[in-house]
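Only one structure is covered here, and it is reproduced in the block below.
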Amino acid sequence: MKSCEFILHSLPQKGRLTPSPVDFSITPESLQNVRERTPLPGFKIRGRLDSTNCIITQPLTGELMVENLDVPVKSIELQLVRVETCGCVEGYARDSTEIQNIQIADGNICQGLAIPIYMVFPRLFTCPTLETTNFKVGKYELPVLSAFASFLGHKRLTA
């Protein structure tokens with residue numbers, strides 16, 4: 001028995017996709033899932049995504065800027081995560097899968113310098129959003145990972 005994989009692609013429908021830019025700011029206070037006892041350096045990272053509604057054949061774009069740092073940054077990465085949700089009588093099950101990880105900055109980053117964001121969606125691992133009553137696929141998250149260099153090692157923070 002032979003199997004064959006294929007990708008079905010259709011042209012985007014005109015007039016249905018409205019860009020929805022979003023500004024974001026990351027500080028130690030805005031982080032989630034960080035243990036209270038974990039000492040964090042002071043920092044402020046802000047940025048902008050040109051749209052949260054994306055055409056899958058076009059890149060995700062925007063910019064990120066480090067405004068304030070108490071310790072040097074080792075790197076900044078963007079992680080594309082696909083979220084799938086499946087529902088049944090017992091409730092909903094949610095699963096997240098890392099699709100892609102790109103490094104947008106390396107080494108001690110100049111404060112106040114705009115760093116461009118340009119992420120091409122990996123076509124074999126991404127799909128347009130599909131929602132039904134009991135199933136959702138194609139909701140995506142974009143965590144920003146920052147690794148801080150210090151004499152105690154480095155901390156990897158996700159926002």
Side-chain angles (χ1 to χ4, degrees), residues 1-35 40 43-67 73-107 109-110 113-148 154-159:
M1 178 160 79
K2 289 186 175 185
S3 65
C4 179
E5 290 185 28
F6 62 93
I7 297 174
L8 183 63
H9 177 76
S10 64
L11 297 174
Q13 297 177 355
K14 294 184 191 275
R16 294 195 61 193
L17 189 63
T18 307
S20 55
V22 64
D23 293 321
F24 61 89
S25 179
I26 305 168
T27 63
E29 296 79 26
S30 69
L31 296 177
Q32 298 174 356
N33 299 327
V34 177
R35 290 183 221 135
L40 297 175
F43 65 91
K44 182 172 184 184
I45 299 172
R46 70 174 177 85
R48 175 187 47 80
L49 294 176
D50 293 331
S51 183
T52 56
N53 296 323
C54 301
I55 297 172
I56 203 162
T57 57
Q58 295 179 0
L60 172 69
T61 58
E63 68 180 27
L64 182 135
M65 182 183 300
V66 176
E67 289 188 348
V73 168
K74 185 176 178 184
S75 68
I76 296 179
E77 301 170 5
L78 297 178
Q79 185 181 66
L80 182 64
V81 177
R82 182 182 61 229
V83 179
E84 298 113 3
T85 306
C86 186
C88 59
V89 176
E90 294 84 25
Y92 285 92
R94 184 179 186 267
D95 188 34
S96 300
T97 306
E98 179 183 338
I99 301 300
Q100 163 171 278
N101 194 27
I102 63 169
Q103 185 175 8
I104 62 169
D106 184 34
I109 299 159
C110 294
L113 178 67
I115 300 167
I117 295 172
Y118 190 91
M119 179 183 278
V120 176
F121 296 108
R123 194 58 185 104
L124 294 176
F125 300 102
T126 54
C127 64
T129 301
L130 170 68
E131 274 190 58
T132 67
T133 306
N134 293 323
F135 182 75
K136 246 190 278 189
V137 68
K139 177 182 174 190
Y140 294 91
E141 296 175 353
L142 191 70
V144 177
L145 307 174
S146 300
F148 292 94
H154 45 253
K155 304 219 180 286
R156 191 172 174 104
L157 303 176
T158 303

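All residue numbers refer to positions in the sequence shown, counting from 1.
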Could you walk me through whether Ser96 and Arg94 satisfy the side-chain contact (heavy atoms from CB on, under 4.5 Å) test, starting with their C-alpha distance in whole Å, then the side-chain angles of each, then the deciding distance to 0.1 Å, before giving a yes or no? CA-CA 7 Å; Ser96 300; Arg94 184 179 186 267; 3.6 Å; yes
Might you work through the side-chain contact (heavy atoms from CB on, under 4.5 Å) test for Ile104 and Ile117, ending with a clear yes or no? CA-CA 7 Å; Ile104 62 169; Ile117 295 172; 4.3 Å; yes
Yes or no on side-chain contact (heavy atoms from CB on, under 4.5 Å) for Val144 and Ile76, after CA distance, side-chain angles and deciding distance? CA-CA 7 Å; Val144 177; Ile76 296 179; 4.0 Å; yes
Tell me, with the steps shown, if Leu64 and Ile45 meet side-chain contact (heavy atoms from CB on, under 4.5 Å). CA-CA 7 Å; Leu64 182 135; Ile45 299 172; 3.7 Å; yes
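A heavy-atom distance below 4.5 Å is found between the side chains of Lys44 and Ser25. With a 4.5 Å cut-off on side-chain heavy atoms, Ser51 and Ser20 count as touching. By the 4.5 Å heavy-atom criterion applied to side chains, Ile26 and Arg46 are not counted as neighbours. Inter-residue side-chain proximity for Leu142 and Leu60 is flagged as met; some heavy-atom pair is nearer than 4.5 Å. Side-chain contact check for Thr129 versus Val137: every heavy-atom pair is 4.5 Å or farther apart. Contact of the Phe24 side chain with the Leu49 side chain is registered, since non-hydrogen atoms from C-beta on lie closer than 4.5 Å. Side-chain contact between Phe43 and Ser146 is absent, with no heavy-atom pair separated by less than 4.5 Å. Put simply, the side chain of Val83 does not reach to within 4.5 Å of the side chain of Asp95, judged on heavy atoms.
Annotation: the span from Ile99 atom CD1 to Glu141 atom CD amounts to 11.5 Å, rounded to 0.5 Å. In this structure, the separation between CG on Leu130 and CD on Glu84 is 11.5 Å, given to the nearest 0.5 Å. To the nearest 0.5 angstrom, Phe121 atom CZ is 4.0 Å from Cys54 atom SG. Atoms CD and CG, on Glu77 and Asp106 in that order, are 9.5 Å from each other to the nearest 0.5 Å. Met119 CE to Leu80 CG: the interatomic distance, rounded to the nearest 0.5 Å, is 5.5 Å. Distance check: Glu131 CD to Lys139 NZ gives 9.0 Å after rounding to the nearest 0.5 Å.
Remark: side-chain polar atoms of Gln100 are paired, donor with acceptor, to backbone N or O of Val120 under 3.5 angstrom.
Looking only at atom types and distance, the side chain of Gln79 has no donor-acceptor partner in the side chain of Asn101 under 3.5 Å away.
Scanning all heavy atoms of the two residues, the minimum distance from Tyr140 to Phe125 falls at OH-O, 4.4 Å.
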